[in-house]
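Let me begin by presenting the structure, written as structure tokens, before commenting on it.
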Amino acid sequence: MTVAPNPELEAPTLETAKAEADELTTRILELRDAYYERNEVLVDDAEYDRMLRRLEELEHAFPELQGQDSPTQTVGGRAQTTLFAPVPHAERMLSLDNVFSVEEFLAWAERAERLAGRSIGYLCELKIDGLALSLRYERGRLTSAATRGDGVVGEDVTANVRYLTGIPDRLAGTGHPELVEVRGEVFFPLEAFRELNERQAAAGERVFANPRNAASGSLRQKEEGKTDAALELMHARLSRLRMLVHGVGAWPSPPVATQSELYGVLAAWGLPTSTHVEVAKTATRAADYITHYGDNRNSVEHEIDGVVVKVDELALHDELGATSRAPRWAIAFKYPPEQVNTRLLDIVVSVGRTGRATPFAVMEPVHVAGSTVRQATLHNQDVVRAKGVLIGDTVVLRKAGDVIPEVLGPVVELRDGTEREFVMPAACPECGTPLAPSKEGDVDLRCPNAKSCPAQVRGRVEHIGSRGALDIEVLGEVSAAALTQPEVPAVPPLVTEAGLFSLTLDDLLPIEVVVRDAETGLPKEEDDGTVKLRTPFQRVTQEYPPEAEGLDPAARRRAGITKSHRVVHPSAAALKLLDELEKAKTKPLWRLLVSLNIRHVGPVAARALADWFGSLDAIRAASRDELAAVDGVGGIIADAVIEWFLVDWHLDIVRRWADAGVQFATPGHPGPGQAGDAEGVLAGLTVVATGSLEGFTRDGAQEAIIRAGGKAASSVSKKTDFVAAGPGAGSKLQKAEELGVRVIDAAQFALLVTEGPAALD
DNA sequence: CACCCTCGAGTTCA
DNA sequence: CTCGAGGGTG
């Protein structure tokens, strides 16, 4: 990665400024060319804007650098003349200046208010990540539709635009102007985009990197030379596109005083306007709008890359005027990009607790949507092939649902020939056992060495400690690794999970683990070149012998006690772990079942089995049919349970845990199938909890639902009776609103689980 | 047998 | 959170 010279530290001379400006100009024009001619995004928006701004800065400092054809003086790219006919816009389509922080936005507003000489009302709307389009209506009839092009001349896409849903051929109402250009944004709704890509992938066609590319690609399709079937497909695709309008051109004096009223006129004409538009009385309120949608970016049906804030009063638009490139009465606030480019350094294979070998991407650390990402899963070798990424590629990275990093694909243009293909290893990277599919024809490869593959043992031990299983504090990734793969002693305290509940302080104290660098994952070294080690379960202090207790330094010297000596104590973590293990021995049966790592048996299936049978012995004694008769358990899970009990070392786990005092039975359970049906205020009701509910932890909310006799589901469907949503609720809340499921807040939820649904009204 | 609803598994970072 | 796949229902 190259670091740009910091302008604050180094004042450029005319000469260095010219060199830098030339380089920036070349690069920006290249990028524009790629974007507008080939519909490709080589760098993310923020990077592009940074380059453009730096060029502006330089031109500001050295006006002599600013030529006629500087990218700062032109908008967008050249109109594409090869494919679509050029259409001149009656009024120029300007782009907007950008700000990247609330501070910058407020500074912009302050300047506008100073120029206006009074306070201003602002119209706030979402900046759709789509394609700018201008619709030309003459006496109410749609005569042409054009892309932005270079702002002066666009491309004629009228024929395609007629297939879009929601764009009237003839405006509603009367009294339309002789000529008006309606400006807006065309986009692929996220849902439709996902479906489109699924179909493209299924048909072996290339998938689109993002909805904007899909929108642009769809609008630029040509009818010529297509078969009837292909034509139908093209029209179907166009009909999935949507447009939202947000302005007019070539209409000198609209009969309204504000931008918001103008939107009312457009809506009355039957044009689609956004439902997310708000008028803010002050700049601070506008800033609230910006932060609100920054936190809820994915609550909208289309991708948004920011917010556009416009001065609401139209009279002020003329007063504030425009630069050659952008109006002064509007500003675009850009959110940090959700998609960035970074380098794919390597593809490494990890082995999980079930033995599945999963390739993941190791990348140059990069900031995306609020955090630094260096890894992302690639699922399996088919996915690696489907994405077409090579080691060494520059790849497009995004956060799916704003959380999970996902590699979208390579930037093929930036390859230099040194990239190499990923080859799935034939053997387990941790234990060397040859990998094989568990079933004939399975894509996933597994390490068959379940009993002693270090990765699998570590994974299983970690799983036992996880919240969905025995919920043992301290026993997480780090401790699990320390117990199963320490540097010292040579024979680890845990060879399998069978010994977990027989661990003693003497087992824990000697453990030494390798200290690894957080960034590289490589072992750290001491100054003398040896590997740096740490003792997680012991704490060493320097102490004087007991007889020196209470003596001051001079007295100690007189008594001849000069040296302190090392005393080894158990660390807090060691004591906590043993205490937690002790408590875990009597946790509910379903938690123990989950801890056994039986395939397909997670918290829900385990609860069903535990409630029905009441003890592990009863489950073990049950036949396949008896198991499958339990609600929520079918043939496959029944088989998995039966097969699990046929393996010697599995039985060894049960035996040794029981010997150590683990209770594999629900006290007072009357026997298989004898427990009565769940009763309680929520009997027969399904409730989903999402977001952070005040007064409940995530698991606590689930627990409360079950304790009240209700069903705690993990996703929202028609069968859901209530969705309890707190701050931070995402797609589930949206789904609930779509399906018309009743949504309640934390306070109502607390009432619901104690008093029942009747208490809500 | 074809759906829809769920669950389980893998996964990232502060 | 998303994916694939099991379970159950019409």
Side-chain angles (χ1 to χ4, degrees), chain A residues 190-191 194 197-198 201 297-298 338 348-363 365-380 382-383 386 397-408 438-439 441-446 455-456 459-460 462-463 466-469 476-477 518-519 521 590 593-609 627-641 686-688 690-691 698 702 711-721 728-735 739 741:
Chain A
L190 287 174
E191 190 65 36
R194 234 166 278 139
N197 259 359
E198 272 165 32
R297 270 166 96 165
N298 38 24
E338 287 194 312
V348 181
V349 173
S350 72
V351 174
R353 76 181 161 98
T354 63
R356 201 166 95 179
T358 310
F360 64 94
V362 178
M363 291 160 294
V366 66
H367 213 69
V368 54
S371 63
T372 307
V373 173
R374 51 192 117 239
Q375 287 188 8
T377 179
L378 292 167
H379 305 289
N380 59 48
D382 280 12
V383 172
L397 179 75
R398 72 151 184 185
K399 284 222 190 144
D402 245 8
V403 182
I404 312 288
E406 179 187 4
V407 172
L408 291 172
S438 68
K439 279 202 312 269
D442 251 11
V443 193
D444 292 339
L445 294 182
R446 288 175 186 278
Q456 295 187 56
R460 289 199 302 267
E462 186 186 340
H463 175 246
S466 69
R467 272 194 325 214
E477 193 182 340
E519 284 197 10
W590 70 265
L593 274 176
V594 174
S595 303
L596 294 176
N597 280 294
I598 303 170
R599 277 263 232 152
H600 308 304
V601 179
V604 177
R607 267 194 166 102
L609 289 168
L627 289 167
V630 176
D631 196 25
V633 178
I636 303 220
I637 295 182
D639 285 341
V641 172
T686 301
V687 184
V688 174
T690 179
R698 225 169 252 285
Q702 306 252 309
K711 200 167 168 227
S714 54
S715 61
V716 180
S717 71
K718 285 187 294 200
K719 293 185 184 167
T720 311
D721 297 291
S731 59
K732 285 178 203 169
L733 176 56
Q734 210 186 321
K735 187 87 185 274
L739 295 173
V741 174

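If you're wondering where the values come from, they're calculated on a predicted model, not measured in any experiment. The analysis underlying the following values was restricted to heavy atoms, covering all of them including side chains, and did not include hydrogens, waters or symmetry mates. All chains are named by letter (A, B, ...) in the order of the sequence lines, taking the proteins before the strands, and each is independently numbered beginning at 1.
Listed candidates were B/dA9, B/dT6, C/dG7. Nearest to the side chain of A/I636 is C/dG7. Each of C/dG8, B/dT12, B/dG8 was ranked by its minimum atom distance to the side chain of A/F360; first place goes to B/dT12. Checked against C/dG6, B/dG8, B/dT12, the side chain of A/A605 finds its nearest nucleotide in B/dG8. Closest approach to the A/T354 side chain among B/dC13, B/dG10, B/dC5 is made by B/dG10 (side chain taken as heavy atoms from C-beta onward). Picking from C/dG6, B/dT6, B/dC7 the nucleotide with the shortest atom distance to the side chain of A/V604 gives B/dC7. The listed nucleotides are B/dC5, B/dG8, C/dG7; the one nearest the side chain of A/P603 is B/dG8. Distance from the side chain of A/T358 is smallest for B/dG10 among the nucleotides B/dC13, B/dC5, B/dG10.
At B/dT6, one or more side-chain N or O atoms of A/S717 fall inside 4.0 Å of OP1 or OP2 (strictly under the cut-off). Within the structure, a side-chain polar atom (N or O) of A/R353 is placed less than 4.0 Å from OP1 or OP2 of B/dA9.
Residue A/G468 is out of contact with every strand shown, counting any heavy-atom pair closer than 4.0 Å. Within 4.0 Å of A/G634, counting heavy atoms only, lie sugar-phosphate atoms of the nucleic acid but no base atom.
A/D721 meets the side-chain hydrogen bond (donor to acceptor under 3.5 Å, both in side chains) test with no other residue; sequence neighbours excluded. Residues satisfying the side-chain hydrogen bond (donor to acceptor under 3.5 Å, both in side chains) criterion with A/T377, sequence neighbours excluded, are absent altogether.
Taking for each of A/V373 and A/G355 the nucleotide of DNA chain B with the nearest heavy atom, the 5'-most of the two is the partner of A/G355. Along DNA chain B, the nucleotide closest to A/R356 and the one closest to A/K711 are compared, and the more 5′ of them pairs with A/K711.
Atoms CG and OG1, on A/N380 and A/T358 in that order, are 8.0 Å from each other to the nearest 0.5 Å. Annotation: the span from A/T354 atom OG1 to A/Q456 atom CD amounts to 7.0 Å, rounded to 0.5 Å.
Rounded to whole Å, the distance from NE2 on A/H379 to P on C/dC1 is 16 Å.
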